[in-house]
Asker: 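Okay, handing you the structure first.
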Amino acid sequence: MVDIPDIASPLRTQAIMNQYGINTKKSLGQNFLTDINILHNIVAAGDVSATDNVIEIGPGIGALTEQLARAAKEVVAFEIDSRLMEVLADTLQPYQNVKIINQDILKVDLAVSIKASFSDPTAPLKLVANLPYYITTAILMQLLQSGIHFDAIVVMMQKEVAERLSARPGTKEYGSLSLAVQYRMNARLAFTVSRKSFIPNPNVDSAIVKLTPREPLAVLPQDEVKLFELFRIGFALRRKTLWNNLTAAFGKNEVMVAKLTAALAAAEISPKIRAEKLTLEEFISLHNALFNAGVYDK
């Protein structure tokens, strides 16, 4: 019996693309990873085991899916490109623990899909994926706001975005995305991936980020939606002070100025500080002070 090379091997990837006449779609952020060692490292970063259910987003021709199928209990992958359904049915035919769903992940009710797609929806759940660069942030926000408990999220993305996820206060990478992610998860940049590891080569290098559930917060926000709005307000004009961004968002009339002044005093935060200097806990403290001062009632 002739051994078939892994899907991710450069020669097999090219053969599959030739066989099915695949031209990658730039509009869908399609780049096929052709370094098997990197795929092994991604699976290892997620500590994927035979007891885990795994969700994948954008399986492409099945390179990562194949490695996940060998390690996991079951794999459910969401692929938006209908052209690839026939390809995936062929390349993943040896794996009976894989289900491919031809849907846009941003339009999926993930909780319903998990319940319907896995034979045991109560098994530990992990998400492992090579995310399309152009909608990385949108996908991450959907996952984090879904209310679904993920034991781990391991995703490949543009290196610049990956650095923002794990950034600390006071750094140039730190921003509203850092806060939104770190509000729910611990973020760690696991390793970087050269652009030369893909067909075709993207214009930037990539990185693997691992997200795991964080410890409970000591103080909770009055309103999570409003807190996330405050993250965006704080960094709306990055070089401006917190006061300038707050007044730009909420107004400068006498009543509002008094409310904002009172809230900042209650939170013990200087109006002259920039948002990039505030920790997550300080943002929550400020949000609660704004809430109590009636700022959101404007």
Asker: Check the hydrophobic clustering (I, L, V, M, F, W, Y; side-chain heavy atoms under 4.5 Å; chains of links allowed) and say if V75 and V112 are grouped together.
Answerer: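 Result: no, two separate clusters.
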Asker: Do F32 and I22 have side-chain heavy atoms sitting under 4.5 Å apart?
Answerer: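 Touching, per the 4.5 Å side-chain cut-off.
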Asker: Would a 4.5 Å heavy-atom cut-off, applied to side chains only, mark L127 and L143 as touching?
Answerer: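 In contact.
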Asker: Can you tell me which residue pairs pass the salt bridge (charged side-chain N to carboxylate O under 4.0 Å, His left out) test with a partner in residues 262-277, sequence neighbours excluded?
Answerer: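 Listed once each, the pairs are R238-E276, R239-E276.
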Asker: Got a donor-acceptor contact below 3.5 angstrom from the T261 side chain to the V257 backbone?
Answerer: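 Yes: the side chain of T261 pairs with the backbone of V257.
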Asker: For the residue pair Q67 and D6, confirm or rule out a side-chain donor-acceptor distance under 3.5 Å.
Answerer: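 Yes, because at least one side-chain N or O of Q67 sits under 3.5 Å from a partner of the opposite role on D6.
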Asker: For a side chain to side chain contact (heavy atoms under 4.5 Å, CB included) check, start with the C-alpha distance between E56 and L68, then their side-chain angles and the critical distance, and finish with the verdict.
Answerer: CA-CA 9 Å; E56 184 189 7; L68 292 170; 4.3 Å; yes
Asker: For the side chain of T65 and the backbone of L92, is there at least one donor-acceptor N/O pair under 3.5 Å apart?
Answerer: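 No, the answer is negative, given that no donor and acceptor are paired below the 3.5 Å cut-off.
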Asker: Just checking, is any N or O donor in the side chain of Y95 or R70 under 3.5 Å from an acceptor N or O on the other one?
Answerer: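 Yes, a side-chain donor-acceptor pair sits under 3.5 Å.
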Asker: Is T279 reaching over with its side chain to a backbone N or O of E282, donor-acceptor style, under 3.5 angstrom?
Answerer: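 It does hold such a pair.
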Asker: Could you go step by step and tell me if I100 and V76 meet the side chain to side chain contact (heavy atoms under 4.5 Å, CB included) rule?
Answerer: CA-CA 6 Å; I100 308 295; V76 173; over 6 Å; no
Asker: Between the side chain of N245 and the main-chain N/O of A275, is any donor-acceptor distance below 3.5 Å?
Answerer: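 No, N245 side chain to A275 backbone: no donor-acceptor pair under 3.5 Å.
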Asker: What closest approach, in Å, do A162 and V209 show between heavy atoms, and which atom pair accounts for it?
Answerer: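 Closest approach of A162 to V209: CB-CG2, 3.4 Å.
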Asker: So, T136 and Q158: side-chain donor and acceptor under 3.5 Å apart, yes or no?
Answerer: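 No, no side-chain donor-acceptor contact under 3.5 Å.
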Asker: Quick check: does any side chain N or O of R214 sit under 3.5 Å from a backbone N or O of R184, one acting as donor and the other as acceptor?
Answerer: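 Side chain of R214 to backbone of R184: no pair is present.
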Asker: Just checking F283 against F231, ring centres under 6.0 Å apart?
Answerer: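 Judged by ring-centre distance (under 6.0 Å), F283 and F231 do meet the cut-off.
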Asker: Could D205 and R195 be called an ion pair, given the rule that one side-chain N must be under 4.0 Å from one carboxylate O?
Answerer: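 Here D205 pairs with R195 in a salt bridge, since their nearest N and O are under 4.0 Å apart.
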Asker: Looking at every non-hydrogen atom in both residues, tell me the closest pair between A180 and L144 and how far apart they are.
Answerer: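 For A180 versus L144, the nearest heavy atoms are O-CD1, 4.1 Å.
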Asker: I'd like to know whether CD of E160 has more than 12 heavy-atom contacts from other residues, nucleotides or ligands below 6.0 angstrom.
Answerer: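 No, not enclosed.
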Asker: Mind checking whether N41 and I208 have side chains closer than 4.5 Å, heavy atoms only?
Answerer: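 N41 does not reach I208 side chain to side chain.
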Asker: Hydrophobic clusters here meaning ILVMFWY residues chained together by side-chain heavy-atom distances under 4.5 Å, can you tell me if I233 and V225 are in one?
Answerer: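 No, I233 and V225 fall in different hydrophobic clusters.
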Asker: Has the side chain of Y174 got a donor or acceptor atom that lies under 3.5 Å from a matching backbone atom of L278?
Answerer: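 Present.
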Asker: Which atoms form the tightest heavy-atom contact between E66 and I7, and what is the distance?
Answerer: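 Minimum heavy-atom contact is OE1-N, 3.0 Å.
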Asker: Tell me, do L246 and L264 make a side-chain contact under 4.5 Å, heavy atoms counted?
Answerer: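 Answer yes - side chains close enough.
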Asker: Tell me if a side-chain donor or acceptor on T91 pairs with a main-chain N or O of I61 at a distance below 3.5 Å.
Answerer: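 Looks like yes, one N/O pair under 3.5 Å.
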Asker: I'd like to know whether D35 forms a side chain to side chain contact (heavy atoms under 4.5 Å, CB included) with F198, so could you lay out the CA-CA distance, the side-chain angles of the two residues, the decisive distance to 0.1 Å, and finally the verdict.
Answerer: CA-CA 8 Å; D35 188 321; F198 298 85; over 6 Å; no
Asker: For the pair K73 and D120, find out whether any cationic side-chain nitrogen is under 4.0 Å from an anionic carboxylate oxygen.
Answerer: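 Result for this pair is yes, salt bridge flagged.
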Asker: Go through I57 and V155 one step at a time and tell me if the side chain to side chain contact (heavy atoms under 4.5 Å, CB included) criterion holds.
Answerer: CA-CA 9 Å; I57 299 169; V155 283; over 6 Å; no
Asker: Report yes if some heavy atom in the side chain of F228 is under 4.5 Å from a heavy atom in the side chain of D223; otherwise report no.
Answerer: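 When only atoms from C-beta onward are counted, D223 and F228 do not touch, as no gap falls below 4.5 Å.
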Asker: Give the cluster check for L280 versus V219: same hydrophobic cluster or not, with ILVMFWY residues linked at side-chain heavy-atom distances below 4.5 Å.
Answerer: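 The answer is yes; both residues are in one hydrophobic cluster.
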Asker: Show the nearest heavy-atom pair for residues L217 and Y183, with the distance to one decimal.
Answerer: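 Here L217 and Y183 meet closest at CD1-CE1, 3.4 Å.
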Asker: Looking at every heavy atom in both I101 and S117, which two are closest together, and how far apart are they?
Answerer: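 Distance-wise, the nearest heavy atoms are CD1-OG, 3.6 Å.
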Asker: Please say whether more than 12 non-hydrogen atoms of neighbouring residues, nucleotides or ligands are located less than 6.0 Å from NZ in K159.
Answerer: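 It does not: K159 NZ has 12 such atoms or fewer within range.
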Asker: I'd like to know if the side chain of S9 and the backbone of P5 have a donor-acceptor N/O pair within less than 3.5 Å.
Answerer: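 Checked: no pair found.
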Asker: Looking at every non-hydrogen atom in both residues, tell me the closest pair between D52 and D47 and how far apart they are.
Answerer: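 Scanning both residues, the minimum pair turns out to be OD2-O, 3.5 Å.
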Asker: Can you check whether I42 reaches M156 side chain to side chain, under 4.5 Å on heavy atoms?
Answerer: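 Result yes, sub-4.5 Å side-chain heavy-atom pair found.
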Asker: When you measure from the side chain of S178 to the backbone of G175, do you find a donor-acceptor pair of N or O atoms at a distance under 3.5 Å?
Answerer: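 Between the backbone of G175 and the side chain of S178 there is a qualifying donor-acceptor contact (under 3.5 Å).
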Asker: Would you say CG of L11 has more than 12 non-hydrogen atoms from neighbouring residues, nucleotides or ligands within 6.0 angstrom?
Answerer: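 Atom CG in L11 is not packed in, count stays at 12 or less.
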Asker: Should the heavy atoms of other residues, nucleotides or ligands under 6.0 Å from CD of Q19 be counted, would the total exceed 12?
Answerer: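 Yes, enclosed.
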Asker: Quick one: does any side-chain atom of Q182 pair with a main-chain N or O of L165 as donor and acceptor, under 3.5 Å?
Answerer: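 Yes, the answer is positive, given that a donor and an acceptor are paired below the 3.5 Å cut-off.
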Asker: Take K115 and D109, measure what salt bridge (charged side-chain N to carboxylate O under 4.0 Å, His left out) needs, and give me the verdict at the end.
Answerer: CA-CA 10 Å; K115 192 171 183 179; D109 186 328; over 6 Å; no
